[in-house]
Amino acid sequence: MPTKRVLTGITTTGTPHLGNYVGAIAPCIEASKEDRTESFLFLADYHALIKCQDPALVRQSSLEIAATWLALGLDTSKAVFYRQSDIPEIPELCWILSCQAAKGLMNRAHAYKAAVADNEAKSADPDFGVTMGLFNYPVLMAADILMFSATHVPVGKDQIQHIEMARDIASRFNHHYGELLVLPEAVVDQETEVLQGLDGRKMSKSYGNTIPLFDTEKKLKKSINKIKTNLLEPGEPKDPDTSPVFQIWSAFASASERDSMRKEFEQGIAWGEAKKRLFELIDDRIGPARARYEALLADPAIIEQELLAGAQKARAHATPLMQKIRKAVGIQSMA
Ligand code: TRP
């Protein structure tokens, strides 16, 4: 069986929350343990600049996201864990790919299209506030992926289009210059449920309904108490399938814990009690990592060391491929 090369990045614009953990970080850490799987996991800090012009926030988020991966036990001797901006070959490839990517294809990218639609709705200039960074976002993402010959890219549904674009750009390049780039496949895990937030919608920074992963116990308790419920009294049966409390419980619980909580709901567990148990469950699962997370944030030099070592491993792949790409397009030494 050929080796699977899994690659994914997280944009460094926020504090990791339970949704990031359940939907992306935990499954990627699990997958990185498999035999015949190579994992490339990175901080997408160049991507952060597209939507965030607050340097302190980008820096802090980079620290927190890196600390999260490490605290949760990512084995960096097996996985390649790095920061996008430590790999100069990525922006270099991004330019070369820009010269292959059709503008018409980029016009259809949903983040750009949404910005234009928003302007049109306000009768503003369609390009108002649209930077070239936003427009080129899918090309940079293609460079992230193609630079490491990734075969599998685990992403949320909203990112499938970008993987299709990366394939399209890679095919054009290969057609023109020879088969140097590997066409990646999007992996959308149907089993990993999208975690619900405080209000029952998808847990997402943009909805302001998140529960931070590594808050203090007190704050975690407080967040959980804010999860939306209804006015049913203790003793009245409650519907587990429409409750974010139960949905979040299920994401952390074993199968038997899930079944027994389902029964409790049907038997009318009080909301206060259900939330108390949810707190205890989450705290049990992530409590040990919280201490490691705090220790890492208190000593960023350890994180930096990990990232620099990871960049070295990543560049061992990127540098030779970039050499071939440069040569293929006609950029090489004259001597
Ligand atoms: N754009 C992705 C997101 O916002 C993050 C990302 C950047 C990424 N480069 C990537 C994901 C390459 C997968 C592969 O979620």
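None of the values given here were measured: they were computed from a predicted structure. Both counts, for ligands and for their atoms, begin at 1 and track the order of listing.
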Going by the 4.0 angstrom heavy-atom rule, the piece of Phe40 near ligand 1 is neither

Given Lys205, which partner from the list Thr13, Asn20, Thr11, Thr210 fulfils the side chain to side chain donor-acceptor pair (under 3.5 Å) test? Thr13

In ligand 1, the atoms that come under 4.0 Å of a heavy atom of Thr11 are 3 (C), 4 (O), 5 (C)

Could you list which atoms of ligand 1 come closer than 4.0 Å to a heavy atom of Phe42? 9 (N), 10 (C), 12 (C)

Without hydrogens or angle criteria, can the side chains of Ser250 and Gln247 be said to hold a donor-acceptor pair below 3.5 Å? no

Interfacing atoms of ligand 1 (cut-off 4.0 Å, heavy-atom, Thr8): 11 (C), 13 (C)

Within 4.0 Å of some non-hydrogen atom of Val153, the atoms of ligand 1 are 13 (C), 14 (C)

Closer than 4.0 Å to some heavy atom of Ala44 - which atoms of ligand 1 meet that? 7 (C)

Trp271 and Phe265 aromatic centres sub-6.0 Å: yes

Is it the case that the ring center of Phe214 lies less than 6.0 angstrom away from the ring center of Tyr21? no

Could you check whether Asp118 pairs with Lys122 (Lys NZ or Arg NE/NH1/NH2 to Asp/Glu carboxylate O, under 4.0 Å)? yes

Salt bridge between Arg315 and Glu89, side-chain N to carboxylate O under 4.0 Å? yes

Should you measure from each heavy atom of Tyr137, which atoms of ligand 1 turn up under 4.0 Å away? 1 (N), 2 (C), 3 (C), 4 (O)

Where on Leu140 is there a heavy atom closer than 4.0 Å to ligand 1, on the side chain, on the backbone, on both, or on neither? neither

If we number the atoms of ligand 1 from 1 as shown, the ones under 4.0 Å from a heavy atom of Gly9 are 5 (C), 6 (C), 8 (C), 11 (C), 13 (C)

Crowding at CZ, Arg59 (>12 non-hydrogen neighbours, <6.0 Å): no

Give the residue and atom name of whichever protein heavy atom lies nearest to atom 9 (N) of ligand 1, and the separation in Å to one decimal. Asp144 OD2, 2.7 Å

Contact summary for Asp45 and Ser62, nearest pair of heavy atoms: CB-OG, 4.3 Å

Going by the 4.0 angstrom heavy-atom rule, the piece of Gln159 near ligand 1 is side chain

